[in-house]
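A short write-up of the structure that comes next.
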Number of protein chains: 2
Amino acid sequence: MKLSTKGRYAVMAMVDLARHAQAKPVSLSDIATRQEISLSYLEQLFARLRRAGLVKSVRGPGGGYRLARGSADTRVSEIILAVDEPISATRCTEMGATGCRADRSKCLTHDLWEELGNQIHLFLSSVTLLDVLERRLASRLLEAPSAANSDTMAAAS
Amino acid sequence: MKLSTKGRYAVMAMVDLARHAQAKPVSLSDIATRQEISLSYLEQLFARLRRAGLVKSVRGPGGGYRLARGSADTRVSEIILAVDEPISATRCTEMGATGCRADRSKCLTHDLWEELGNQIHLFLSSVTLLDVLERRLASRLLEAPSAANSDTMAAAS
DNA sequence: CAAAAACCAACTGCGTCGCTCGGATTTAAT
DNA sequence: ATTAAATCCGAGCGACGCAGTTGGTTTTTG
């Protein structure tokens, strides 16, 4: 699960699409002006989203894009996975499974990244477009890791 | 909280350092050969780690690095924050607060990224070097998001 | 037919990553 | 004192992905 601004743009666009979904499909130029994203860049993102089956396209004037499924059935994780390259494998491939070193031994931190990947994916797949629109995030999962020193946290940022 | 392979290298090196901590400091060339990371690259990473106060250096032959605090008091989140650029601000600055658009309105997905950032930071700051060494991850937080459709999850990967 | 839209491919400027090179400083061991 | 092991430091480099641009083509509505 790569996490770049590219995925963010895609999610922004999809939320915008969900928001303005009506009888007529939504054109990319509308989304482009509303979200302040380059039209051609959006085209590239939506090409991937279409191939991933997240949106359907309608060609010709008055055409545009529609969500393939409902906004309550489209998860943020899917959008990000659709547009991001599945990472080019720089050593420990995040989900390697094939083992992350020359010899076959898992590196010491392998489990850590795997768990982190799980956490992120779990969170993002628990959020739908509708959730974002209606501002239903926060709460849900981890209201408090129970005990475990919760005050020694780093300075954050 | 940026998430790149750079931070991963740093964490790998720090875990290695924690593992081989004894009376004598650990030299970077030892870590380099064990972890298969370029020595000069390690030097750059440790320069940042030192400036962040996570390690102390001992110069001269027989020198090397030591953890500034114990392995149970060094959190993974601190390591990553130390080595990664604080991101160059591409629109919605992850933690913007200043607002992410030309006009002052928070973009629709602002809350989402903020929450995601919180999740990641919370997880990574709940894991210490000692935890990684002793393979104490998994479990901890979200054993189950209680209700909320947990079966409709995307294909993962 | 004209215009609006999705489609498509190639290219570009830029920044970061991972790494190299060539040093300099400090300091323990001989 | 010399040597050598180590940290320090800065400049630069090749490759890659990102965000965007250009210049089309196809489809379809009016």
Side-chain angles (χ1 to χ4, degrees), chain A residues 2-13 17 20 23-33 35-52 54-66 68 80 83-94, chain B residues 2-13 17 20 23-33 35-52 54-66 68 80 83-94:
Chain A
K2 197 176 166 190
L3 233 23
S4 68
T5 53
K6 190 174 186 174
R8 289 217 267 267
Y9 277 118
V11 175
M12 284 173 59
L17 178 56
H20 297 87
K24 311 189 64 170
V26 182
S27 77
L28 287 191
S29 52
D30 283 358
I31 299 180
T33 55
Q35 299 301 320
E36 300 171 346
I37 308 176
S38 135
L39 173 59
S40 296
Y41 195 42
L42 268 185
E43 287 178 348
Q44 293 170 43
L45 296 180
F46 272 77
R48 286 168 179 269
L49 293 171
R50 188 172 52 85
R51 273 178 242 134
L54 295 177
V55 296
K56 287 179 187 168
S57 67
V58 180
R59 302 187 67 162
Y65 286 91
R66 256 191 270 265
I80 293 182
V83 297
D84 275 332
E85 320 288 329
I87 229 169
S88 56
T90 323
R91 206 64 83 68
C92 199
T93 333
E94 178 107 18
Chain B
K2 197 178 167 187
L3 234 22
S4 66
T5 55
K6 190 174 186 174
R8 288 219 267 267
Y9 277 116
V11 175
M12 284 174 59
L17 178 57
H20 297 89
K24 312 188 62 169
V26 182
S27 77
L28 287 191
S29 52
D30 284 358
I31 299 181
T33 55
Q35 299 301 319
E36 302 172 344
I37 307 177
S38 138
L39 174 60
S40 296
Y41 194 42
L42 268 185
E43 287 177 348
Q44 293 169 42
L45 296 181
F46 272 77
R48 287 168 178 267
L49 292 171
R50 188 173 51 85
R51 272 177 243 134
L54 295 177
V55 295
K56 286 179 186 168
S57 67
V58 181
R59 302 185 66 162
Y65 286 91
R66 257 192 270 265
I80 293 182
V83 298
D84 275 333
E85 319 287 332
I87 229 169
S88 56
T90 324
R91 205 65 82 67
C92 198
T93 332
E94 178 108 18

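Within every chain, numbering begins at 1; the chains are lettered A, B, ... in the order of the sequence lines, protein sequences first and strands thereafter. Only heavy atoms go into these numbers, but all of them, side chains included; no hydrogens, no water, no symmetry mates.
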Checklist entry - CG of Leu42(B) versus P of dA6(D): gap in Å, rounded? => result 14 Å
Item to check | Atom-to-atom span, NZ of Lys56(B) to P of dC8(D) - whole angstrom | outcome: 13 Å
Item to check | Residues which pass side-chain contact (heavy atoms from CB on, under 4.5 Å) with Ala52(B), listed by chain and number, not counting sequence neighbours | outcome: Leu54(B), Ala82(B)
Item to check | Nearest-angstrom distance from the residue atom CD1 of Ile37(B) to P of dT20(C) | outcome: 12 Å
Item to check | Note, Ile31(B) side chain near Ile37(B) side chain (heavy atom, < 4.5 Å) | outcome: no
Checklist entry - In chain order, what residues pass the salt bridge (Lys or Arg N to Asp or Glu O under 4.0 Å) check against Arg66(A), with sequence neighbours excluded? => result none
Checklist entry - Which whole-number value in Å describes the distance from Leu45(B) CG to dC8(D) P? => result 13 Å
Next on the checklist: Ser57(A): which residues meet the side-chain hydrogen bond (donor to acceptor under 3.5 Å, both in side chains) condition with it, sequence neighbours left out?
Outcome noted: none
Checklist entry - Which whole-number value in Å describes the distance from Leu49(B) CG to dC9(D) P? => result 14 Å
Next on the checklist: Once salt bridge (Lys or Arg N to Asp or Glu O under 4.0 Å) is applied, do any residues pair with Arg48(A), and if so which ones, sequence neighbours excluded?
Outcome noted: Glu85(A)
Checklist entry - How long is the line joining CZ of Arg8(B) and P of dC17(C), in whole Å? => result 13 Å
Checklist outcome for this item: Whole-Å distance, Glu36(A) CD to dG20(D) P, equals 11 Å
So which protein N/O to nucleotides 4-11 of chain C N/O distances come out below 3.5 Å?
unit_1: dA6(C); atom_1: OP1; unit_2: Leu28(A); atom_2: N; d: 2.7
unit_1: dA6(C); atom_1: O3'; unit_2: Ser57(A); atom_2: OG; d: 3.4
unit_1: dA6(C); atom_1: N3; unit_2: Arg59(A); atom_2: NH2; d: 3.2
unit_1: dC7(C); atom_1: OP1; unit_2: Ser57(A); atom_2: OG; d: 2.4
unit_1: dC7(C); atom_1: OP2; unit_2: Arg50(A); atom_2: NE; d: 3.4
unit_1: dC7(C); atom_1: OP2; unit_2: Tyr65(A); atom_2: OH; d: 2.5
unit_1: dC7(C); atom_1: N4; unit_2: Glu43(A); atom_2: OE1; d: 3.3
unit_1: dC7(C); atom_1: N4; unit_2: Glu43(A); atom_2: OE2; d: 3.0
unit_1: dC8(C); atom_1: OP2; unit_2: Arg50(A); atom_2: NH2; d: 3.3
unit_1: dC8(C); atom_1: N4; unit_2: Glu43(A); atom_2: OE1; d: 3.2

Checklist outcome for this item: Sequence neighbours excluded, the answer for side-chain contact (heavy atoms from CB on, under 4.5 Å) partners of Gln44(A) is Tyr41(A)
Checklist outcome for this item: When rounded to whole Å, the NZ to P distance for the pair Lys2(A) and dT16(C) reads 15 Å
